[in-house]
Trainee: 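Quick one: the structure is below, questions incoming.
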Amino acid sequence: MSRFLLVTSDTNFEQRIQSAIAGRIPGSVQTVYNTQLPETPGELLQRVVTELPQVLLLGPGVHPNDALRLASVFDVQHPEISVILVAEANPDLALAAMRAGIRDLLEPQADTDLMRVMLERACHAAESRRRGFVPEEPISSRPSGRVIAVTSPKGGVGKTTIAANLAIGLGRMAPMSTVIVDLDVQFGDVASVLNLVPEHTLSDAVTGAAAQDTMVLKAFLSVHSASIYALCTPLSPAEADRITADQISHMLEQLASEFAFVVIDTAPGLGEHTLAALEAATDVVFLSGMDVPGVRGLRKELDVLSELQMLPGCRHVVVNMADRVSGLSVQDVEATIRTPVDVVVPRSKAVPYSTNKGEPLLQEKSRDKAAKALNGLVARFDPSRTLEPRTAVHRRAVLQ
Ligand SMILES: Nc1ncnc2c1ncn2[C@@H]1O[C@H](COP(=O)(O)OP(=O)(O)OP(=O)(O)O)[C@@H](O)[C@H]1O
Ligand SMILES: [Mg+2]
């Protein structure tokens with residue numbers, strides 16, 4: 001019976017672990033002599049010769065970031081295995097280890113008594129977790145949430161602002177069951193407008209274990225104080241470039257199986273990632289500013305999507321940054337795009353202020369006119385509200 005799996009190339013430490021358990025704890029140690037960790041638990045556990053271990057010791061010598069990443073995946077896929085990180089302790093590492101589900105931090109030079117106590121504790125935790133373990137259901141058999149893509153042909157018209165506020169507003173309706181996904185993969189700024197410092201990003205979410213297991217994907221999301229989750233973009237545009245449309249489609253399907261609302265912020269135009277989002281969307285928020293090129297661009301976008309048969313049934317047309325000095329009226333916009341406008345968000349100083357502060361307007365109660373309009377947009381997704389079909393008489397949206 002092998003209860004301990006050790007990943008290290010430090011043979012001295014291996015001997016000390018052996019002597020800590022010898023004659024005192026049942027079971028034996030199997031060592032993988034490598035400090036280069038694999039991406040997934042499966043790749044590591046393939047090397048186990050007998051039954052699955054109860055306790056996995058990572059280090060000494062493994063890179064702490066790799067250990068934390070693998071531990072997060074073990075925490076979701078194999079909660080019945082206790083993970084111990086063997087490394088020099090420091091408060092930052094201890095906090096990150098706790099978040100990754102690591103059971104204990106063991107200093108490489110710890111004496112054998114302390115090692116034994118820790119290993120025993122880890123075995124007990126593993127046994128009690130093993131009793132409560134339930135395997136995951138396939139995605140296809142689970143109900144699907146509402147997937148809302150926010151798009152516009154032009155940049156800078158307020159997609160990120162609208163998407164972030166929509167997510168915060170929906171989070172009040174469905175706390176911890178709303179996620180915002182930043183699909184402006186190269187220059188996304190959802191993390192900035194929500195004031196988040198993500199530990200994991202889109203690249204982690206579409207590859208490796210996260211792509212195979214929705215609970216791992218969920219562990220890679222960032223949690224926001226307004227009870228919503230966020231999936232932010234990688235720091236480097238080059239890394240973001242490697243993400244394919246197929247990976248995005250699969251990830252959105254996974255999220256829709258887990259969340260009531262998936263709000264997607266997109267890059268301007270109809271790039272491959274945005275098309276993948278539109279394909280997955282149950283609802284699209286089409287956005288335009290109150291300027292002739294922007295409105296004409298929206299008309300073209302609607303035409304192209306109609307030709308591609310990608311216009312979803314639930315469309316929400318939003319005019320943002322509306323004011324009375326642009327020379328265009330809401331009626332002019334409707335005449336150009338040949339579609340009614342559903343929500344008009346006025347230009348307001350409170351919006352850039354909230355962007356710069358990293359707190360979307362709807363995060364706090366606000367009497368601002370833009371907040372009122374944004375709440376109106378959120379209300380369109382309230383399941384208790386029955387949406388009029390688009391053929392019904394449309395109540396004209398007005399600039400407040
Ligand atoms: N209703 C509004 N009134 C005033 N300013 C606004 C309004 N909506 C958005 N803004 C401001 O406009 C700027 C651009 O908004 P945002 O980043 O949301 O646009 P975007 O469409 O996501 O841009 P990009 O295409 O570059 O991603 C931000 O500084 C934001 O605060
Ligand atoms: Mg944006």
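No experiment lies behind these values; they were computed from the predicted model shown. We count ligands from 1, going down the list as the structure has it; atoms in each ligand are counted the same way. Residue numbers count from 1 along this sequence.
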Trainee: Give the atoms of ligand 1, by number and element, whose distance to some non-hydrogen atom of Pro268 is under 4.0 Å.
Mentor: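 Under 4.0 Å from Pro268, ligand 1 has these atoms: 25 (O).
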Trainee: Could you tell me the residue and atom name of the protein heavy atom closest to atom 19 (O) of ligand 1, and the distance to it rounded to 0.1 Å?
Mentor: Gly158 N, 2.9 Å
Trainee: Please confirm if an N, O or S atom belonging to Thr160, backbone or side chain, lies less than 2.8 Å from the Mg ion (ligand 2).
Mentor: yes
Trainee: Output yes when a side-chain donor or acceptor of Glu253 lies under 3.5 Å from a complementary backbone atom of Ile248, and no otherwise.
Mentor: no
Trainee: Side chains of Leu44 and Leu56, heavy atoms from C-beta outward: is any pair under 4.5 Å?
Mentor: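 When only atoms from C-beta onward are counted, Leu56 and Leu44 do touch, with a gap below 4.5 Å.
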Trainee: For ligand 1, which atoms have a heavy atom of Pro352 less than 4.0 angstrom away?
Mentor: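 So the answer, numbered in order with elements, is 4 (C), 5 (N), 31 (O).
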Trainee: State the atoms of ligand 1, each with its element, that fall below the 4.0 Å cut-off from a heavy-atom position in Lys159.
Mentor: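 So the atoms of ligand 1 that pass are 18 (O), 19 (O), 20 (P), 21 (O), 22 (O), 24 (P), 25 (O).
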Trainee: Quick check: does any side chain N or O of Glu107 sit under 3.5 Å from a backbone N or O of Ala89, one acting as donor and the other as acceptor?
Mentor: yes
Trainee: Who's the nearest protein heavy-atom neighbour of atom 7 (C) of ligand 1, and how far?
Mentor: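 Protein heavy atom at minimum distance: Val351 CG1, 3.4 Å.
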Trainee: Under a 4.0 angstrom heavy-atom cut-off, which atoms of ligand 1 come close to Asp184?
Mentor: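 Listed by number with element, the hits are 27 (O).
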Trainee: Residues in salt bridge (charged side-chain N to carboxylate O under 4.0 Å, His left out) with Arg103, at least two apart?
Mentor: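 Testing Arg103 for salt bridge (charged side-chain N to carboxylate O under 4.0 Å, His left out), a comparison that skips the adjacent residues, returns none.
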Trainee: Whether the side chain of Thr207 engages the backbone of Ser203 through a donor-acceptor N/O pair (distance < 3.5 Å, no angle test) should be reported.
Mentor: yes
Trainee: Examine distances only and state if a side-chain atom of Arg116 and a backbone atom of Ala20 form a donor-acceptor pair shorter than 3.5 Å.
Mentor: yes
Trainee: Quick one: does Thr160 get an N or O within less than 3.5 Å of an N or O on ligand 1?
Mentor: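 Yes, at least one N or O pair falls under 3.5 Å.
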Trainee: Any idea which of Thr161, Val190, Val344, Val345 brings a heavy atom closest to atom 9 (C) of ligand 1?
Mentor: Thr161
Trainee: Looking at Arg3 and Glu127, is there a salt bridge between them, counting it only when a charged N and a carboxylate O are closer than 4.0 Å?
Mentor: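 Yes, Glu127 and Arg3 are salt-bridged.
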Trainee: Going by distance alone, is a donor N or O of one side chain under 3.5 Å from an acceptor N or O of the other, for Thr31 and Glu14?
Mentor: yes
Trainee: Nearest to atom 28 (C) of ligand 1, what protein heavy atom do you find, and at what distance?
Mentor: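 Nearest neighbour among protein heavy atoms for atom 28 (C) of ligand 1, to 0.1 Å: Thr355 OG1, 4.2 Å.
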Trainee: Got an N/O contact under 3.5 Å between Arg347 and ligand 1?
Mentor: no
Trainee: Within the structure provided, determine whether Leu166 and Leu170 are in side-chain contact (heavy-atom separation under 4.5 Å).
Mentor: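 Heavy-atom side-chain distance check passes, below 4.5 Å.
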Trainee: Is the backbone of Leu362 close enough, under 3.5 Å, to the side chain of Asn165 for a donor and an acceptor to pair up by distance?
Mentor: yes
Trainee: Only heavy atoms of Gly156, strictly under 4.0 Å: list the atoms of ligand 1 that pass.
Mentor: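 Counting from 1, the qualifying ligand atoms are 14 (C), 19 (O), 20 (P), 21 (O), 23 (O), 24 (P), 25 (O), 26 (O).
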Trainee: Hey, is ligand 1 close enough to Asn320 that some N/O pair sits below 3.5 Å?
Mentor: yes
Trainee: Starting from atom 11 (C) of ligand 1, which protein heavy atom do you reach first, and at what distance in Å?
Mentor: Met321 CE, 4.2 Å
Trainee: Looking only at distances, please establish whether an N/O atom of ligand 1 is found under 3.5 Å from an N/O atom of Pro346.
Mentor: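 N/O-N/O distance under 3.5 Å: yes.
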Trainee: Based purely on interatomic distance, does Ser348 place a nitrogen or oxygen under 3.5 Å from a nitrogen or oxygen of ligand 1?
Mentor: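 Right, the criterion is met.
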Trainee: Could you check whether atom 13 (C) of ligand 1 has a protein contact, counting only heavy atoms that fall below 4.0 angstrom?
Mentor: no
Trainee: Would you say Cys123 and Phe4 make side-chain contact, with heavy atoms under 4.5 Å?
Mentor: yes
Trainee: Using a strict cut-off of 4.0 Å, indicate which atoms of ligand 1 neighbour a heavy atom of Gly155.
Mentor: 25 (O)
